[in-house]
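Any value given below was found using the heavy atoms of this structure, including those in side chains, with hydrogens, waters and symmetry copies removed.
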Amino acid sequence: MSDLVRIERDHDVARVTLNRPELNNALNKALIEELRAAFESIAADRSIATLVLAGEGKSLCAGADINAMREAGTYTRDENIKDALPLVRMLSALDRMPQTTIGRVQGPIYGGGVGVVAACDIAIGTSSATFCLSEVRLGIVPGMISPYVLRAIGERTARRYFQTAEVFDANEAMRIGLLHEVVEPDALDERIGKLLKQLKSAAPGARSIAKKLAGDIASRPIDEALMTETAQLIADVRAKPEAREGLSAFLEKRKPSWT
């Protein structure tokens, strides 16, 4: 890692911090690649159960670096595809992490920054945060981020904000599903701390399986195949050491080992 991304660790919690505060952590090629490398490295470390994604300075991520975007306007189609793929892979790496991911959201969150927030499992934002899917103002579209944003806010809401490029506040972001909670700026770290404490009560392996389960069954019909798969899943999970420990701890009125 260079100084564009900081990685810190506290027991089973990793904190990844975007560190371009002078540009509101705008995404350029180097930052995108370092974020992807950080996510992939943490994903491979099963001793880490939770990732907190933060931004140095006043914004988590204000979107793509405008100078890099302008340069891409001179590329051929093949060059543009090659230029876009690193962001696709970075967002996918964040989305697919087996760990619980928490976005620490503050400041102006535009374009690609909205995609970063949407790719996190949990997003806690400050009351002063603002959001904008601004791409159409620049004559482009929110292409690479669209799968994550659409999943978070739904198709109808996405149709509106993809086209209007309106700036909306944190309460609207929570209403449409982009944020889970809104807190005052000076309470952000305290709220995330409480959330981390709550997560420690849950078995890390079970959390990872439950996260994958949500994605696997989303939008599928509740038919015989799905019912059979979910029955098989719980049968497999019940046989794991975590389940034996969790059930024993509950019956013995003690805390399980992972706490």
Query raised in the report: When rounded to the nearest 0.5 angstrom, what distance separates CG in L23 from SG in C61?
Result: 11.0 Å
Requested in this report: Decide yes or no for V5 and V16: does some side-chain heavy atom of the first lie under 4.5 Å from some side-chain heavy atom of the second?
Outcome: yes
Report summary line: To the nearest 0.5 Å, atom CG of L91 lies from atom OG of S146 at 10.0 Å
Query - Set of side-chain contact (heavy atoms from CB on, under 4.5 Å) partners for M144, sequence neighbours left out - result: A84, L87, V88
Query raised in the report: Does I153 share a hydrophobic cluster with Y148, counting links as ILVMFWY side-chain heavy atoms below 4.5 Å and allowing steps through other members?
Result: yes
Report task. Would you please name every residue forming a side-chain contact (heavy atoms from CB on, under 4.5 Å) with S41, sequence neighbours left out? Result -> none
Query raised in the report: So which heavy atom on K82 is nearest to which on P86, and how close?
Result: O-CD, 3.2 Å
Requested in this report: For residues G143 and P147, report the shortest heavy-atom separation together with the two atoms involved.
Outcome: O-CD, 3.8 Å
Query - Reported CG-to-CD distance for the pair D223 and E229, which is rounded to 0.5 angstrom - result: 8.5 Å
**Report entry** salt bridge (charged side-chain N to carboxylate O under 4.0 Å, His left out) against R96, all qualifying residues, sequence neighbours excluded
**Finding:** none
**Report entry** Close side-chain approach of T101 to L53, heavy-atom, < 4.5 Å
**Finding:** no
Query raised in the report: Heavy-atom distance under 4.5 Å between the side chains of M97 and D121, does that happen here?
Result: no
Query raised in the report: Among V116, L133, L150, V117, which one satisfies side-chain contact (heavy atoms from CB on, under 4.5 Å) with I145?
Result: L133
Query raised in the report: Does some side-chain heavy atom of E172 sit less than 4.5 Å from a side-chain heavy atom of E166?
Result: no
Query raised in the report: Do I109 and S59 pass the side-chain contact (heavy atoms from CB on, under 4.5 Å) test, and can you show the C-alpha distance, the side-chain angles, and the key distance before you say yes or no?
Result: CA-CA 7 Å; I109 309 294; S59 174; 4.0 Å; yes
Query raised in the report: Would V182 and D169 count as a side-chain contact (heavy atoms from CB on, under 4.5 Å) if you check the C-alpha gap in whole Å, the side-chain angles of each, and the deciding distance to 0.1 Å?
Result: CA-CA 10 Å; V182 176; D169 64 16; over 6 Å; no
Requested in this report: Give me the other members of the hydrophobic cluster that I209 sits in, counting Ile, Leu, Val, Met, Phe, Trp and Tyr linked by side-chain heavy atoms under 4.5 Å, directly or via other members.
Outcome: L213, I217, I222, L226, M227, L233, V237
Query raised in the report: Quick one: side-chain hydrogen bond (donor to acceptor under 3.5 Å, both in side chains) partners of Q232, sequence neighbours excluded?
Result: none
**Report entry** Residues in salt bridge (charged side-chain N to carboxylate O under 4.0 Å, His left out) contact with E184, at least two apart in sequence or another chain
**Finding:** none
**Report entry** side-chain hydrogen bond (donor to acceptor under 3.5 Å, both in side chains) between R104 and T17, worked out
**Finding:** CA-CA 10 Å; R104 181 187 183 277; T17 303; over 6 Å; no
Report task. Indicate, with yes or no, if W258 and V13 share a hydrophobic cluster defined by side-chain heavy-atom contacts under 4.5 Å among Ile, Leu, Val, Met, Phe, Trp and Tyr. Result -> no
Report task. Report yes or no: does H180 contribute a side-chain atom to a donor-acceptor pair with the main-chain N or O of I124 at less than 3.5 Å? Result -> no
Report task. Just grab all the salt bridge (Lys or Arg N to Asp or Glu O under 4.0 Å) pairs involving residues 132-155, residues at least two apart or on different chains. Result -> D95-R151, E155-R159
Query raised in the report: Out of curiosity, H11 NE2 to T50 OG1, how far, rounded to the nearest 0.5 Å?
Result: 13.0 Å
Requested in this report: Would you kindly confirm whether I102 and L94 end up in one hydrophobic cluster when ILVMFWY residues are joined by side chain heavy atoms under 4.5 Å apart?
Outcome: no
Query raised in the report: Has the side chain of Q106 got a donor or acceptor atom that lies under 3.5 Å from a matching backbone atom of G55?
Result: yes
Query raised in the report: Side chains of K211 and T100: closer than 4.5 Å at any heavy-atom pair?
Result: no
Side-chain donor-acceptor distances from residues 194-205 under 3.5 Å, at least two apart:
{"from": "K200", "atom 1": "NZ", "to": "D12", "atom 2": "OD1", "distance (Å)": "2.7"}
{"from": "S201", "atom 1": "OG", "to": "Q198", "atom 2": "O", "distance (Å)": "2.6"}

Requested in this report: Heavy atoms only: give me the nearest D216-K212 pair and the separation to one decimal.
Outcome: OD2-NZ, 2.7 Å
Query raised in the report: Short question: side chain of R20, backbone of A26 - any donor-acceptor pair under 3.5 Å?
Result: yes
Query raised in the report: Where do I176 and T157 come nearest, in terms of heavy atoms and distance?
Result: CG2-CG2, 3.8 Å
Query - Selection residues 239-249 - residue pairs positive for side chain to side chain donor-acceptor pair (under 3.5 Å), sequence neighbours left out - result: E245-R254
Report task. Measure across F39 and A93 and return the closest heavy-atom pair with its distance rounded to 0.1 Å. Result -> CB-CB, 4.0 Å
Query raised in the report: Can you name the residues that form a ring-ring contact (aromatic ring centres under 6.0 Å, His included) with Y161, not counting sequence neighbours?
Result: F168
Query raised in the report: Cluster question for you: counting only ILVMFWY and a side-chain heavy-atom cut-off of under 4.5 Å, with indirect links fine, are F131 and M174 together?
Result: yes
Report task. For residues L27 and L35, determine if any side-chain heavy atom of one lies less than 4.5 Å from a side-chain heavy atom of the other. Result -> yes
Query raised in the report: Could E33 and K29 be called an ion pair, given the rule that one side-chain N must be under 4.0 Å from one carboxylate O?
Result: no
Query raised in the report: Got a second to check how far R15's CZ is from I42's CD1, nearest 0.5 Å?
Result: 12.0 Å
Query raised in the report: Taking N24 for the side chain and K58 for the main chain, is one N or O donor matched with an acceptor at less than 3.5 Å?
Result: no
Query raised in the report: How far apart are the closest heavy atoms of V136 and F162, and which atoms are they?
Result: CG1-O, 3.2 Å
Query raised in the report: Rest of the hydrophobic cluster containing V167 (Ile/Leu/Val/Met/Phe/Trp/Tyr, side-chain heavy atoms under 4.5 Å)?
Result: Y110
Query raised in the report: In Å and rounded to the nearest 0.5 Å, what is the CG to SG distance from L178 to C120?
Result: 10.0 Å
Report task. Please list, chain by chain and in numerical order, all residues satisfying side-chain contact (heavy atoms from CB on, under 4.5 Å) with S47, sequence neighbours excluded. Result -> R9, D45
**Report entry** Cluster overlap L31 with M90, hydrophobic side-chain contacts below 4.5 Å
**Finding:** yes
Query raised in the report: How about R220: does its CZ atom have over 12 heavy atoms from other parts shown lying under 6.0 Å from it?
Result: yes
